[in-house]
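What follows is a single structure, written as structure tokens, with notes after it.
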Amino acid sequence: VEAAPSCDCDRAGRRFAAAIAGVRVLLLNNANMSYGRVPPDIEGMTSLKVDNLTYRTSPETLKRVFEKYGKVGDVYIPRDRFTRESRGFAFVRFHDKRDAEDAIDAMD
């Protein structure tokens, strides 16, 4: 796991990335995301940003993949506002930060 390039980081200030078979996972602490839907209560959850997804990846598929590392609280796949196609990345939120870290370690 390596530190992501310098960026405008969230309040927690740290982001970690891991490259996994072409899929990039980024740990975001206390991430605030914009939604096209009412956001779930994410207080206390730890978010992983998952990059390089196929446009056919569903939230259910991601939830199944990540649930083996712990309880997943939410999966959000941003979509293009006009075409409604996936933008190729997602956010997977865990209730426990250690579970999110386990997911990164296992996929590293």
Side-chain angles (χ1 to χ4, degrees):
V1 177
E2 61 188 60
S6 64
C7 60
D8 181 23
C9 294
D10 297 81
R11 280 176 275 164
R14 289 212 255 156
R15 296 179 182 200
F16 298 96
I20 304 100
V23 174
R24 186 168 172 239
V25 179
L26 186 66
L27 174 64
L28 305 170
N29 293 322
N30 299 323
N32 294 316
M33 312 299 165
S34 64
Y35 288 84
R37 62 181 170 116
V38 176
D41 181 15
I42 59 170
E43 185 66 34
M45 287 191 202
T46 300
S47 297
L48 296 181
K49 182 180 182 215
V50 183
D51 284 322
N52 300 329
L53 297 176
T54 67
Y55 294 103
R56 290 182 265 182
T57 303
S58 70
E60 295 78 21
T61 300
L62 284 175
K63 189 171 183 175
R64 270 195 311 273
V65 168
F66 283 91
E67 275 183 329
K68 53 183 138 175
Y69 305 107
K71 186 175 178 188
V72 173
D74 182 53
V75 175
Y76 174 60
I77 300 177
R79 300 197 173 275
D80 181 276
R81 73 178 67 185
F82 301 110
T83 67
R84 302 301 302 150
E85 288 184 358
S86 165
R87 293 175 56 199
F89 63 95
F91 298 96
V92 177
R93 293 189 177 95
F94 284 90
H95 288 283
D96 189 326
K97 181 178 179 178
R98 290 171 296 194
D99 295 337
E101 291 168 345
D102 288 347
I104 288 177
D105 291 342
M107 293 184 174
D108 191 5

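Here, residue 1 is the first one in the sequence, and each next residue gets the next number. Only this structure's heavy atoms are used, side chains among them; waters, hydrogens and symmetry mates stay out.
- Listed here is the closest heavy atom pair of Tyr55 and Arg87: CE2-C, 4.2 Å.
- The distance from atom CZ of Arg56 to atom CD of Glu85, rounded to the nearest 0.5 Å, is 11.5 Å.
- Shortest non-hydrogen contact noted between Ala103 and Leu48 is CB-CD1, 4.0 Å.
- One distance of note links NZ of Lys71 with CZ of Arg93; it measures 15.5 Å at 0.5 Å rounding.
- A cation-pi geometry, defined here as NZ or CZ lying under 6.0 Å from the six-membered ring centre and within 45° of its normal, holds between Lys49 and Phe89.
- Side-chain contact between Phe66 and Val50 is present, with at least one heavy-atom pair separated by less than 4.5 Å.
- Contact record, Pro78 with Phe91: CG-CE1, 4.0 Å, taken as the closest heavy-atom pair.
- Between atom CD of residue Glu60 and atom CD of residue Glu67 there is a gap of 11.0 Å, rounded to the nearest 0.5 Å.
- Contact detail for Tyr69 and Val65: the closest heavy-atom pair is CE1-O, 3.7 Å.
- Taking 4.5 Å as the limit, some side-chain heavy atom of Leu62 sits within range of a side-chain heavy atom of Ile77.
- The distance from the OG atom of Ser47 to the NZ atom of Lys97 is 12.0 Å, given to the nearest 0.5 Å.
- Side chain to side chain, Arg79 and Ser86 fail the donor-acceptor criterion of an N or O pair below 3.5 Å.
- To the nearest 0.5 Å, atom CD of residue Glu43 and atom NE2 of residue His95 are 12.5 Å apart.
- Looking only at side-chain heavy atoms (C-beta outward), Asp96 and Thr46 stay at 4.5 Å or farther from each other.
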